[in-house]
Amino acid sequence: MRILLIAGAFNSLTQRVHAELSDRGHQLGVELVTRDAPLAALVPRHAPDLILAPMLTTAVPREVWSARPCLIVHPGPLGDRGPSSVDWALHTGADRWGVTVLQANDEMDAGDIWATAECPVPEIGKSDLYRNEIADAAIEAVLTAVDRFASGTYRPEPQHTLPAARLLGRPRPPLRQDDRRIDWATATTDSVLRSLRAADSRPGVRDRLLGGTWFLHGGHPEDTLTGRPGALLATRHGAICRATADGAVWIPELRAARTPGGPTPVKLPATLALGDRLPALPELPAPLEPGDAPRTWADIRYHEDGPAGFLRFSFPGGAMSTDQCRRLLAAFRHARTRPTSVLVLGGQRDFFSNGIHLNVIEAAADPAAESWANINAIDDLVHEVLTTTDRLVVAALGGNAAAGGAMLALAADEVWCRSAAVLNPHYRLMGLHGSEYWTYTLPRRVGAETAAHLMDRALPVTAASAQRLGLVDRVIDCAAGEFGGRTGELARRLAASPGIQARIAAKKARRDGDEAHRPLAAYRADELARMRRTFFDPAAPYHALRRAFVRKEPPAGTPDHLNPKGPVRRS
């Protein structure tokens with residue numbers, strides 16, 4: 001079918017819907033709904049059989065939904081209505097939620113039901129939930145709805161005819177900052193975490209701290225540190241620890257409140273955002289190998305299970321700053337000293353990596369210099385992975401990976417990917433040539449022609465398509481919360497396999513042969529020469545594209561790469 005996706009942004013769910021429907025042979029067009037986009041005029045140019053809105057915060061014009069079937073993906077269960085659906089699920093402590101695909105009409109979220117799917121709500125942040133459990137349910141519901149529409153025989157269910165027993169949700173108003181407010185004098189750790197997790201990506205929880213107004217992003221429990229409720233207790237790798245009425249929480253990121261007439265502030269590591277306001281606090285690094293230590297937050301962990309080592313990391317938004325790259329490199333070098341034959345690199349769920357940290361770069365006194373430091377730091381990490389020849393390295397992608405983060409994964413010997421993950425192995429949308437040794441690793445896996453196509457096309461790729469292309473070696477079909485356990489079992493099996501030492505020896509021989517043919521230093525020098533020219537050219541598009549990305553500036557229209565062949569016209 002010809003399906004037109006309309007969305008407020010080409011976000012993670014829209015990308016996944018696009019990639020999944022593309023895999024199934026549908027002809028897709030995309031239009032981003034912006035303030036200046038005349039959607040009613042744009043839709044006929046695509047001549048769609050069906051319009052699908054995976055992520056939309058505004059109403060579809062009557063002239064659009066009355067002319068063509070238009071299905072809305074609402075991230076709430078049957079009966080749920082309102083713009084803060086996932087926020088309310090976490091804020092109220094729901095243990096089950098869902099996604100509903102309904103037909104657009106005059107009333108928001110009130111149209112006839114085409115499909116619905118339920119999902120669990122683990123104790124995680126909103127963005128993680130949205131990219132994983134919510135997205136999994138959304139894809140199930142979308143594919144069901146598309147199949148039902150294609151059949152030509154299915155009749156959607158009017159909401160007003162559904163029995164009350166089936167309505168798991170109800171209409172709710174927007175979740176406002178007054179609803180999210182934390183009273184630090186009385187709030188328990190659990191209640192603070194609910195508020196923080198319900199707002200972790202957007203909009204954050206507005207709060208007063210050290211004489212300023214901030215939005216707090218993300219939250220993790222701390223079981224040992226205590227203090228006067230609301231007081232700052234310690235720092236850890238950019239995060240701050242703040243006391244609650246019965247314990248403490250770690251807050252990784254802050255965003256300053258916008259000043260009238262000023263630029264949109266960006267979300268930053270908390271200590272960086274606070275800057276000189278931050279009082280003298282103890283820096284308390286978490287142990288790399290926690291053992292039986294009390295529960296505390298850490299963004300990098302290492303543990304072993306027999307001959308398999310596991311280096312887990314999780315950075316907010318998947319971005320990796322200069323400091324985070326250097327700390328992960330130090331942890332990787334520690335892991336290399338251990339007597340293991342397999343080393344798994346990756347988190348247990350959500351983002352693997354999206355490459356360099358554009359927010360930190362944007363906030364730097366010299367963004368060009370920070371860009372240069374960051375790309376060199378991630379290159380150092382990738383080089384360490386590529387030159388690890390005494391064991392097999394597995395990149396475990398429990399979630400999405402993009403740009404330099406996708407290339408970090410390709411440096412490993414094997415790439416294991418959760419079936420729901422989406423890969424964006426390209427750089428050009430940020431105006432960059434890219435580094436991370438991609439000119440060596442990507443053609444080595446998929447061939448020069450396919451590598452060039454992926455870079456130029458700049459579209460998301462499902463895990464299944466990535467496996468067919470050669471980007472991924474193993475696709476693991478499991479729920480997000482099961483990925484760590486599944487990869488652990490597979491890694492232990494790989495490490496105990498009888499041919500493991502022969503594989504390691506063959507790997508070393510291939511690396512030695514590749515190095516003799518063309519040294520890794522040559523790939524790096526060529527890549528970085530291009531990157532340096534871009535970073536230190538104030539007129540390079542990278543700077544404007546980066547600024548627009550981190551400050552969430554809406555696009556003027558739909559980017560050309562989303563409709564590479566142009567709108568479709570029927571004869």
Side-chain angles (χ1 to χ4, degrees), residues 87 90-91 93 121-133 180 182 184 187-202 204-205 207 209 214-227 229-255 267-274 278 281-303 311-321 323-324 327-328 331 346-351 398-399 480-481 484:
D87 306 57
L90 290 166
H91 190 77
V121 182
E123 294 183 348
I124 55 176
K126 177 177 71 170
S127 54
D128 186 345
L129 177 68
Y130 181 81
R131 284 187 294 267
N132 290 285
E133 282 81 3
R180 303 178 192 272
I182 297 171
W184 290 95
T188 64
T189 295
D190 285 346
S191 67
V192 170
L193 288 174
R194 278 200 304 274
S195 294
L196 292 173
R197 287 169 174 166
D200 69 342
S201 56
R202 280 287 186 181
V205 175
D207 196 23
L209 178 63
W214 305 88
F215 291 88
L216 317 181
H217 294 272
H220 305 275
E222 164 61 42
D223 277 0
T224 301
L225 299 176
T226 59
L232 298 183
L233 307 177
T235 62
R236 175 176 296 156
H237 302 313
I240 53 175
C241 187
R242 195 170 185 185
T244 65
D246 63 350
V249 295
W250 288 97
I251 303 171
E253 295 183 311
L254 300 178
R255 177 171 53 89
K267 188 167 48 176
L268 294 169
T271 58
L272 180 60
L274 291 169
L278 191 68
L281 295 171
E283 170 74 11
L284 300 179
L288 183 60
E289 300 183 54
D292 296 326
R295 181 178 58 165
T296 190
W297 168 79
D299 53 9
I300 302 174
R301 294 285 200 194
Y302 178 75
H303 74 277
L311 183 56
R312 308 290 195 187
F313 62 95
S314 179
F315 302 128
M320 298 170 64
S321 67
D323 174 69
Q324 288 165 331
R327 289 192 292 109
L328 187 55
Q348 293 186 296
R349 56 175 295 139
D350 205 20
F351 281 125

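Inspection of the Thr224 and Arg295 side chains reveals no N or O donor paired with an N or O acceptor under 3.5 Å. A donor-acceptor pair shorter than 3.5 Å cannot be found between the side chains of Thr271 and Thr235. Using a 3.5 Å distance cut-off with no hydrogens or angles, the side chains of Asp190 and Thr188 do not pair a donor with an acceptor. Defined by atom type and a distance below 3.5 Å, a donor-acceptor pair is missing between the side-chain atoms of Asp299 and Ser314.
Annotation: side chain of Asp87 is not in contact with side chain of Leu90 (no heavy-atom distance under 4.5 Å). Two residues are said to be in side-chain contact when any heavy atoms from C-beta on lie closer than 4.5 Å; Leu209 and Leu274 meet this criterion. Side chains of Leu225 and Leu284 form a contact here, defined as non-hydrogen atoms less than 4.5 Å apart. Side chains of Leu254 and Leu268 form no contact here, defined as non-hydrogen atoms less than 4.5 Å apart. Residues Trp250 and Thr296 meet the side-chain proximity criterion, which asks for heavy atoms closer than 4.5 Å. Residues Leu278 and Ile240 form a side-chain contact, since some pair of their non-hydrogen atoms from C-beta on lies under 4.5 Å apart. Residues Arg312 and Gln348 form a side-chain contact, since some pair of their non-hydrogen atoms from C-beta on lies under 4.5 Å apart. Side-chain contact check for Arg236 versus Cys241: every heavy-atom pair is 4.5 Å or farther apart.
Across all their heavy atoms, Gln324 and Ala319 have their closest contact at OE1-O, 3.2 Å. Ala286 and Ala298 get closest at one heavy-atom pair: CB-CB, 3.6 Å. Here the shortest heavy-atom pairing between Ala239 and Pro252 reads CB-CA, 3.7 Å. Between Gly218 and Leu196, the shortest heavy-atom distance links the atoms O-CD1, 3.8 Å. Taking all atoms of both residues into account, the shortest heavy-atom contact from Leu233 to Ala248 is CD1-CB, 3.9 Å.
Asp350 contributes no side-chain N or O that, together with a main-chain N or O of Arg131, makes up a donor-acceptor pair within less than 3.5 Å. For Arg180 (side chain) and Ala198 (main-chain N/O), a donor-acceptor pair under 3.5 Å exists by modelled atom type. Judged by distance alone, the side chain of Arg327 and the main-chain N or O of Ile300 form no donor-acceptor pair under 3.5 Å. Side-chain N or O atoms of His217 include one that pairs as donor or acceptor with a backbone N or O of Asp200 at under 3.5 Å. Checking side-chain atoms of Arg242 against main-chain N and O of Gly230 turns up a donor-acceptor pair under 3.5 Å. Panel note: side chain Trp297, backbone Pro221; no donor-acceptor pair is recorded below 3.5 Å. Using modelled atom types, one side-chain atom of Glu283 and one backbone atom of His237 make a donor-acceptor pair closer than 3.5 Å. Judged purely by atom type and a 3.5 angstrom limit, Asp128 has no side-chain atom pairing as donor or acceptor with the backbone of Ile124.
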task = Report the C-alpha separation of Ser321 and Asp323 in whole Å, then their side-chain angles, then the decisive distance to 0.1 Å, and conclude whether the side chain to side chain donor-acceptor pair (under 3.5 Å) test is met.
result = CA-CA 5 Å; Ser321 67; Asp323 174 69; 4.9 Å; no
Pair Glu133-Arg349, side-chain contact (heavy atoms from CB on, under 4.5 Å): steps then yes or no = CA-CA 11 Å; Glu133 282 81 3; Arg349 56 175 295 139; 2.7 Å; yes
request  = Show the numbers, then the answer: is there a side-chain contact (heavy atoms from CB on, under 4.5 Å) between Asp207 and Trp184?
outcome  = CA-CA 10 Å; Asp207 196 23; Trp184 290 95; 2.9 Å; yes
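Under 4.0 Å is where a charged nitrogen must lie from a carboxylate oxygen, and between Arg194 and Glu123 no such pair does.
Rounded to the nearest 0.5 angstrom, Glu253 CD and Phe315 CZ are separated by 12.0 Å. Leu193 CG to Thr244 OG1: the interatomic distance, rounded to the nearest 0.5 Å, is 8.0 Å. Residue Tyr302 holds its OH atom at 8.0 Å from CG of Leu311, rounded to the nearest 0.5 Å. Note that OG of Ser201 and NZ of Lys126 are 4.5 Å apart. Values are rounded to the nearest 0.5 Å.
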